[in-house]
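Heads up: the structure comes next, in structure tokens.
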Number of protein chains: 2
Amino acid sequence: MEKNRSDCPISCSLEVFGDKWSLLIIRDIMLRGKVSYGEFLESEEKIATNILANRLSVLEAEGILTKQVSPHNKSKYCYSLTPKGVDLLPIVIEIMDWGARYHKQCPRRELGKRIKKEKAMVIREYLDKLHRDARHAAL
Amino acid sequence: MEKNRSDCPISCSLEVFGDKWSLLIIRDIMLRGKVSYGEFLESEEKIATNILANRLSVLEAEGILTKQVSPHNKSKYCYSLTPKGVDLLPIVIEIMDWGARYHKQCPRRELGKRIKKEKAMVIREYLDKLHRDARHAAL
DNA sequence: ATTAGCACTTGCAAAATGCAAGCAAATATA
DNA sequence: TATATTTGCTTGCATTTTGCAAGTGCTAAT
């Protein structure tokens, strides 16, 4: 683990995921149920292959994701969130809420509308589900 | 305003502040009461002068910050948050909480301990104060 | 055996970051 | 008044990261 810019938790966190792509990958796993490299590549933001590979590698090294060979196909990997990764959910939801409020070109869809109405409940709900999934993936 | 990668609110938000520095500047204003270019330069993370100037310019163009000449010194500028900027607080607090929980080298100080105990209340308290400050700065 | 799927890797160009010196206007000091 | 300091950038250059698109090697399907 390299030397940090400071001991501020915000700074240390931004050193991990303060870029334009990492939290998008986390979003794909948390909110869209994506699990594989190929699925992440298909997202509408069109991440570059080398950036995706690098981000996944860093997130895995940071203990946010784990990577397992698919049960159906030995050349395919499935990524899943660790508990540490799951706990990024409130950040992702807050970013989503802020974005929906201040970006006209980002209309709220179903989930966004629920978040507007009952944010805390949505967060708890997803945290429970994702933490359950994380425990299951660890088996 | 340029073309976005997608209409996902998370993606649009990350296009604005998804970098290693922007939210640190927001932190300095929100949590440390810093207001000037020179003060931001002094933070322990040591942002480069050209990066600071560029980030401030972008955040201002995005309507997150406003910049005014200091009342005491015509060569000095004071930055303050707009309501849009203030509403980044929950994101900053969630990042801080996550960082404190998962980074051993980032011990919780007074505010971090309060956040651990009563996050929602801290957020509401700071939102109220910062929104009041934002209204005052607009005069 | 051939083709397709899969997860990267690679070579290169463009863009961003980081370092440190420089610049011009305003203010403070001698 | 002249000089020094403060202030907020800007600039030149080297390094790093991002983005594009082709390439590679292993596994699976036909």
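Labels below follow one simple rule: chain letters A, B, ... track the order of the sequence lines, proteins then strands, and each chain is numbered from 1. Scope of the values below: all heavy atoms of this structure, side chains included, with no hydrogens, waters or symmetry mates.
- Sorted pairs that involve residues 45-68 of chain A and meet ring-ring contact (aromatic ring centres under 6.0 Å, His included), not counting sequence neighbours, are lacking altogether.
- Applying the ring-ring contact (aromatic ring centres under 6.0 Å, His included) test to every pair with at least one member in residues 12-51 of chain A, sequence neighbours left out, gives these pairs: A:F17-B:W98.
- For the OP1/OP2 pair of D:dT17 and a distance below 4.0 Å, the side-chain nitrogens and oxygens of A:W21 include no atom meeting the criterion.
- Electrostatic pairing of B:D7 and A:K104 does not count as a salt bridge here, judged by no charged N lying under 4.0 Å from a carboxylate O.
- Taking B:E118 as the reference, B:R114 meet the salt bridge (Lys or Arg N to Asp or Glu O under 4.0 Å) condition, with sequence neighbours excluded.
- Rounded to an integer number of Å, the gap from CG of B:D19 to P of C:dT17 is 6 Å.
- When the nearest nucleotides of DNA chain D are assigned to B:R5 and B:Y79 by heavy-atom distance, the more 5′-ward of the two goes with B:Y79.
- A donor-acceptor contact under 3.5 angstrom links the side chains of A:K34 and A:S43, judged on distance only.
- Residues passing the salt bridge (Lys or Arg N to Asp or Glu O under 4.0 Å) test with A:E60: none are found, sequence neighbours excluded.
- Residues from residues 26-53 of chain A placing a heavy atom under 4.0 Å of any atom in DNA chain C, listed by number, are A:S36, A:Y37, A:G38, A:T49, A:N50, A:A53.
- B:N54 has its CG atom 13 Å from the C1' atom of C:dG18, to the nearest Å.
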I'd like a list of close polar pairs between nucleotides 27-30 of chain D and the protein, N/O only, cut-off under 3.5 Å.
residue : atom : partner : partner atom : Å
D:dA28  : OP1  : A:K74   : N            : 2.8

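- The distance from atom OH of A:Y77 to atom P of D:dC26 is 12 Å, rounded to the nearest whole Å.
- Regarding B:K20, its NZ atom lies at a distance of 10 Å from the C1' atom of D:dT17, rounded to whole Å.
- Considering only residues two or more places apart in sequence or on other chains, A:E44 meets the salt bridge (Lys or Arg N to Asp or Glu O under 4.0 Å) condition with A:R32.
- When rounded to the nearest whole Å, the span between CD of B:E60 and C1' of D:dC9 equals 13 Å.
- If you take CZ of B:R55 and P of D:dC9, they are 15 Å apart, rounded to a whole angstrom.
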Kindly list each side-chain donor-acceptor pair under 3.5 angstrom involving residues 45-59 of chain A, sequence neighbours excluded, with atom names and distances?
residue : atom : partner : partner atom : Å
A:E45   : OE1  : A:R27   : NH2          : 2.9
A:E45   : OE2  : A:R27   : NH1          : 2.9
A:E45   : OE2  : B:S6    : OG           : 2.7
A:R55   : NH1  : A:D19   : OD2          : 3.0
A:R55   : NH1  : A:S22   : OG           : 2.9

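- In this structure, B:K67 does not reach the D:dT7 phosphate: none of its side-chain N or O atoms is under 4.0 Å from OP1 or OP2.
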Listing, residues 131-139 of chain A side-chain donor-acceptor contacts under 3.5 Å, not counting sequence neighbours, or none:
residue : atom : partner : partner atom : Å
A:H131  : NE2  : A:D87   : OD1          : 2.9
A:D133  : OD2  : A:K129  : NZ           : 2.8

